[in-house]
2 protein chains.
Amino acid sequence: MAANSSVESIINNIRRVFQAFNDYSKRANMEAGLTGPQLWAIKVISENAPLRVCDLAALMFVRPGTVVGILDRLEKKGLVTRIRSQQDRRAVMIELSAQGKELVSAAPGVIQGDLIRGLETLPEEELLDIDASMARLVAILGVQQLKPLMIHGTDEAVQGDDTPAGC
Amino acid sequence: MAANSSVESIINNIRRVFQAFNDYSKRANMEAGLTGPQLWAIKVISENAPLRVCDLAALMFVRPGTVVGILDRLEKKGLVTRIRSQQDRRAVMIELSAQGKELVSAAPGVIQGDLIRGLETLPEEELLDIDASMARLVAILGVQQLKPLMIHGTDEAVQGDDTPAGC
DNA sequence: TAAGAATAATTCGTATAAGAATTAAATCCG
DNA sequence: CGGATTTAATTCTTATACGAATTATTCTTA
């Protein structure tokens with residue numbers, strides 16, 4: 001592998017992984033009838049409930065608007081509840097419904113997802129290699145995302161923050 | 001980094017990179033007014049034209065239906081042309097329009113994209129590390145994608161093929 | 001305190017992406 | 001030859017995901 005080490009071929013490899021991950025993420029999970037993002041949201045909520053929409057968005061590295069759609073679908077399935085906060089009536093507290101909690105306790109493996117199960121089979125050493133590679137990529141992508149002024153010449157909206165959803 | 005080497009934290013790191021990549025891919029490129037997938041399609045077409053829709057889909061690791069939408073938008077912008085093939089009148093041959101070719105020759109850097117430019121700044125050694133990590137991930141994801149019978153118990157539609165879009 | 005700024009959630013429009021179904025054309029085979 | 005199967009492109013529905021705009025509420029500050 002990687003005998004042809006041109007940037008081109010590596011890029012293609014990366015794109016392919018991302019496409020595969022997207023595919024994996026979006027396909028409905030047969031066992032639960034939920035998509036990857038939906039399963040991920042359930043898992044994050046189960047570990048952090050009660051939490052606000054923007055907190056969930058930050059933990060999932062997406063924008064609040066995206067989480068609203070996911071929550072709409074999970075609420076329609078009866079897996080989560082949205083309750084207006086008393087302290088801050090702008091905020092909405094998210095929790096798992098009884099049915100949602102049942103799902104988590106009954107099938108933790110389903111919630112985990114195939115990706116996590118697959119990675120858990122790797123030796124620690126390889127996990128660290130992958131993590132290091134991810135760190136390099138996030139550095140590249142992060143710099144381009146948050147500091148475009150050096151690249152594009154526009155000096156607006158530059159913040160060195162770490163969390164995509166500021167809340 | 002990676003001091004806490006639990007699978008959990010590594011998974012989160014990976015998810016974050018994918019999210020960042022998605023974000024990067026989808027944001028419209030300011031210089032050309034094109035999205036990441038649109039730029040990528042232009043690049044692939046420029047290197048392989050004339051080619052069929054399903055060939056383009058295979059080279060981009062997506063389904064034909066997805067490429068149709070991208071081509072619709074590129075055609076509306078006047079950057080690509082669709083011509084019904086004479087040999088096989090089911091097929092459509094895709095090419096860059098004069099304007100599309102002009103874009104490629106005038107601004108190859110734009111077509112390349114920030115991700116490639118960022119990666120090109122890395123030393124060869126690190127690129128190989130990243131490539132190896134990607135290979136491991138694609139192995140995990142690929143196995144789950146193409147051979148679900150061992151995991152889910154369903155023994156249908158199992159093919160060890162390499163190309164997502166069979167054409 | 002009241003006007004203005006900031007924040008939380010939502011809605012809207014656009015773009016990817018998948019899968020399923022459809023249409024049209026080519027190929028297979030009996 | 002002619003029906004059946006396969007293949008290519010397209011359309012449709014659903015689900016993410018973003019940015020921008022809206023609304024409601026809270027915080028600031030003059």
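Here is the naming used below: chain letters follow the sequence lines, and residue numbers restart at 1 for every chain. We use all heavy atoms of the structure for the numbers below, so side chains are in, but hydrogens, waters and symmetry mates are not. None of the values given here were measured: they were computed from a predicted structure.
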> Which nucleotide wins on minimum distance to the side chain of C54(B), given the candidates dA9(C), dA8(D), dT10(D)?
dA8(D)
> Where the side chain of I70(B) is concerned, which of dA9(D), dA17(C), dA9(C) is the nearest nucleotide?
dA17(C)
> To the nearest 0.5 Å, how far apart are CG in L103(A) and CG in L96(A)?
8.5 Å
> Tell which nucleotide pairs with dA20(D), taking only Watson-Crick or G-U wobble pairs whose two distances are both under 3.5 angstrom.
dT11(C)
> What is the distance, rounded to the nearest whole Å, between atom CZ of R84(B) and atom C1' of dA8(D)?
8 Å
> Check the phosphate of dT26(D) against Q87(A), side-chain N and O only, distance under 4.0 Å to OP1 or OP2. Yes or no?
no
> Would you call R82(A)-D72(A) a salt bridge at under 4.0 Å N-O?
yes
> Side-chain N or O of R82(A) versus OP1/OP2 of dT10(C): is the shortest distance under 4.0 Å?
yes
> Do I94(B) and L71(B) pass the side chain to side chain contact (heavy atoms under 4.5 Å, CB included) test, and can you show the C-alpha distance, the side-chain angles, and the key distance before you say yes or no?
CA-CA 9 Å; I94(B) 305 162; L71(B) 287 174; 3.4 Å; yes
> Whole-Å distance between dA9(D) P and I94(B) CD1?
7 Å
> Could you check which of dT25(D), dG19(C), dA9(D) has an atom nearest any side-chain atom of R63(B)?
dG19(C)
> Which atoms form the tightest heavy-atom contact between G33(A) and K77(A), and what is the distance?
O-NZ, 3.7 Å
> From the set dA9(C), dA25(C), dA9(D), return the single nucleotide nearest to any side-chain atom of V92(B).
dA9(D)
> Taking the side chain of D72(A) as its heavy atoms from C-beta onward, which of dA17(C), dT11(C), dC18(D) lies nearest to it?
dT11(C)
> Atom CD of Q86(A) to atom P of dA24(D): distance rounded to whole Å?
18 Å
> Please pick, from dA15(D), dG19(C), dT10(D), the nucleotide with the shortest atom-to-atom distance to any side-chain atom of R73(A).
dA15(D)
> Would you mind reading off the distance between R89(B) atom CZ and dT23(C) atom P, rounded to a whole angstrom?
18 Å
> Calculate the interatomic distance between L71(B) atom CG and dA8(D) atom C1'; express it in whole Å.
13 Å
> Rounded to whole angstrom units, what separation is found between the CZ atom of F61(A) and the C1' atom of dC18(D)?
17 Å
> Can you find a donor-acceptor pair, distance only, under 3.5 Å between R90(A) side chain and dT7(C) base?
yes
> What is the distance, rounded to the nearest whole Å, between atom CE of M93(A) and atom P of dA8(C)?
12 Å
> What integer distance in Å separates L74(B):CG from dA15(C):C1'?
12 Å
> Side chain of V62(A) only, heavy atoms from C-beta on: which candidate in dA8(D), dA8(C), dC18(D) is closest?
dC18(D)
> What is the minimum heavy-atom distance between I70(A) and A41(A), and which atoms define it?
CG2-CB, 4.1 Å
> Kindly point out which of dT10(D), dA9(C), dT16(D) is positioned nearest to the side chain of T66(A)?
dT16(D)
> Do R84(A) and M93(A) have side chains that get closer than 4.5 Å, going by heavy atoms?
no
> Take M60(A) and D88(A), find for each the nucleotide of DNA chain D with the closest heavy atom, and name the residue whose nucleotide sits nearer the 5' end.
M60(A)
